[in-house]
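One structure is given here, and the rest of the page talks about it.
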Amino acid sequence: MLTLDGVEVVYNRVALVLKGVSLRVEEGSIVALLGANGAGKSTVLKTISGLLAAERGEVVRGEVNWQGKSLLRMPASQVVERGVVQVLEGRRVFEHLTVEQNLLVGGYRRGSLRAARQALDVPYAYFPRLKERRAQRAGLLSGGEQQMLAISRAVMSNCKLALLDEPSLGLAPMLVEEIFEIVQRLNADEGLTVLLVEQNADAALRIAQHGYVLEDGRIVLDGTAEELRANQDVAEFYLGLAGVGSRRSFRDVKTYRRRKRWLG
Amino acid sequence: MTLFLQLLVNGVLIGILYALLALGFVLIAKGSGVINFAQGELVLLGGYLVAVLLGASGENVFVALGGAMAVMVIVGVVIERGVLRPLVNEPLLSLVMATIAIGTVIRGVVPLIWGTSTRSVTTVFPTGTLEFGGIRVQQPVLWAAAFALLFIGAFAMFFMRSRMGLAMQAVSDDRIASQSLGVDTRRINAIAWGTSGVTAAFTGYVWGSVLGVDPLLGMIGILVFPVVILGGIDSIAGALVGGVAVGIVEGMAGGYLDPIVGGGFSLVAPLLLLLIVLMVRPYGLFGRREIERV
Ligand SMILES: Nc1ncnc2c1ncn2[C@@H]1O[C@H](COP(=O)(O)OP(=O)(O)O)[C@@H](O)[C@H]1O
Ligand SMILES: [Mg+2]
């Protein structure tokens, strides 16, 4: 199980971005972390994966535990060794390497190129399109294929917990559905635990069992996927069901009142 | 016609040696994303180490070259750890300034330790001149170019076919994404500088056996720039093509134009070529254009 307890994070020693975040992800589950732009979702993932240090971020309070061991102040390479991998926002494939070379770098922690090669079958089985394009430069793939590659790289690292940062970003709805369905299969068949960060709450809550809503560095709401889908505020702000032509943003004036209601 | 072929052959051979010089530079650009302005000075240091160790080992080339390579690995790693690692999240310009400073220090310290007289470097290659249909080739240069090609080929294989080579390319493509997959980017950077040190020792030996070793050897570093900008700063194949192009242009300018203008044109010809190429292909002939999809 992954647990965060009262995590506070600052960037550059001044900007407090996470203001006491607590959440838990049971092994074998898919948990959604929802929130608007700038809420701190990516920061939560970087806190877990150890990538915070590279951005001058620091955990000033709180605990992060995975399978009973603290991940705090652990370098990213060791976090990966423990089976926790972040799939970065914006896909971030190695553009000048081929698809297969990208996957082999994903298998870097397996210790040898031969071991990494032997692991290629798994991502190729889930993403046959990548197999077809194995010799192509990753920079030339479509956005959807790049997202598949980014997830596959994590699979190559033999991860147990995948931290997916907005995999639906900029993709057509049909592709989002395809990719999320594969994530669900990886979860069911490979036992992959997933913490799924999304602004696309609709898609995320369809495959997640549980969800959290993050706003301005705080968890303001959590519940089962059904509960969240049934919640009027989530429906209005994230599912785009606010009524004809009036899809509102979270920065709406009414937000303040609503947040008080959640917190109260 | 014979003159043309003679100049062409000379240009290609010397161009391969330029490519070897550029290889060390490319290794660092690929493996740590730093533009190393001290490459010429590293070669200078490598050349002196070989020359000194040759004297100390009774002219045993293998001991001298092996020893120089070992020392240069350490020098490379020390530069990475001591100078560049503390600057890792600083702007690229700071890193570049740091490499310029390293170059200046080496250029100042080497004559203090070893003086300024030219030392010859024993060549293991056969001496004398070969002649094919009127074209003459100095054997040491021919052999030096052949070994340089082998060396460059080995590194190209290393990049494409090994776990470390792939990781180095990944780090130069996207450092954070590499870290997210568990690549220890600091270790990769140290390896890049270490292998570049090995290359510098080998280059110092090869160039030293052709030109001799003295403090001016460091000046060939300036030619790294036309070579790598022609070829792209992070492409080994590009370094080879860029090196040969620079070698040919320099040789032709020396053979045809220097007699007319009274000498010296061969020195600026590579830089002119560089200007022209930059106007046509700003990312170099082989360099990565940032891949853009629409
Ligand atoms: N490296 C950084 N340095 C300083 N501030 C940052 C950095 N990364 C993110 N922030 C700030 O932290 C806040 C949360 O960012 P982020 O975690 O990326 O949010 P989200 O992923 O939910 O869009 C934003 O206000 C952002 O400006
Ligand atoms: Mg984000």
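Chain letters run A, B, ... following the sequence lines, proteins first and then strands; every chain starts at 1.
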Do you know which of B:Ser178, B:Ala167, B:Gly182 has the most heavy-atom pairs with chain A at a distance under 4.5 angstrom?
-> B:Gly182
Heavy-atom distance under 4.5 Å to chain A: side chain of B:Arg161, backbone, both or neither?
-> backbone
Shortest non-hydrogen contact from A:Tyr108 toward B:Met164 = OH-CE, 3.4 Å
Identify the two heavy atoms, one from A:Ala54 and one from B:Gln179, that lie closest to each other, and give their separation to 0.1 Å.
-> CB-OE1, 3.6 Å
Residue part contacting chain B, namely of A:Ala154, when any heavy atom lies under 4.5 Å | backbone
Any donor-acceptor N/O pair, A:Arg153 side chain to B:Leu181 backbone, under 3.5 Å | no
Assess whether side-chain contact (heavy atoms from CB on, under 4.5 Å) is satisfied between B:Ile176 and A:Leu88, documenting all intermediate values.
-> CA-CA 9 Å; B:Ile176 302 287; A:Leu88 297 166; 4.0 Å; yes
Taking every heavy-atom pair that is under 4.5 Å apart, which of A:Asn102, A:Leu51, A:Val85, A:Val79 has the most such pairs with chain B?
-> A:Leu51
Got a sec: does the CE of A:Met1 have more than 12 other heavy atoms crowding it under 6.0 Å?
-> yes
Could you give the distance from OG (B:Ser180) to CG (A:Asp165), rounded to the nearest 0.5 Å?
-> 11.0 Å
Does CZ in A:Arg61 sit with more than 12 non-hydrogen atoms of other residues, nucleotides or ligands closer than 6.0 Å?
-> no
In this structure, are over 12 heavy atoms from other groups packed under 6.0 Å from B:Phe147 atom CZ?
-> no
Checking B:Asp174 side chain against A:Phe94 main chain: does a donor-acceptor pair fall under 3.5 Å?
-> no
Quick check: are there more than 12 heavy atoms from other residues, nucleotides or ligands sitting under 6.0 Å from CZ of A:Arg24?
-> no
Count the heavy atoms of every other residue, nucleotide or ligand shown that sit under 6.0 Å from CG of B:Leu272, and state whether that count exceeds 12.
-> yes
Atom CD of A:Glu177: over 12 foreign heavy atoms under 6.0 Å | no
Where does B:Thr185 contact chain A at under 4.5 Å (heavy atoms): side chain, backbone, both or neither?
-> neither
B:Met160 versus chain A, the contacting section by heavy-atom distance below 4.5 Å = both
Before giving the answer on side-chain contact (heavy atoms from CB on, under 4.5 Å), spell out for B:Val183 and A:Ser77 the whole-Å C-alpha distance, their side-chain angles and the decisive distance to 0.1 Å.
-> CA-CA 6 Å; B:Val183 176; A:Ser77 53; over 6 Å; no
Toward chain A, the part of B:Arg187 with a non-hydrogen atom under 4.5 Å = side chain
How about A:Arg134: does its CZ atom have over 12 heavy atoms from other parts shown lying under 6.0 Å from it?
-> yes
For each of A:Leu163, A:Leu113, A:Val87, A:Leu104, tally heavy-atom pairs with chain B at distances under 4.5 Å, and name the one with the top tally.
-> A:Leu113
So, the part of A:Arg56 with a heavy atom under 4.5 Å from chain B: the answer is side chain
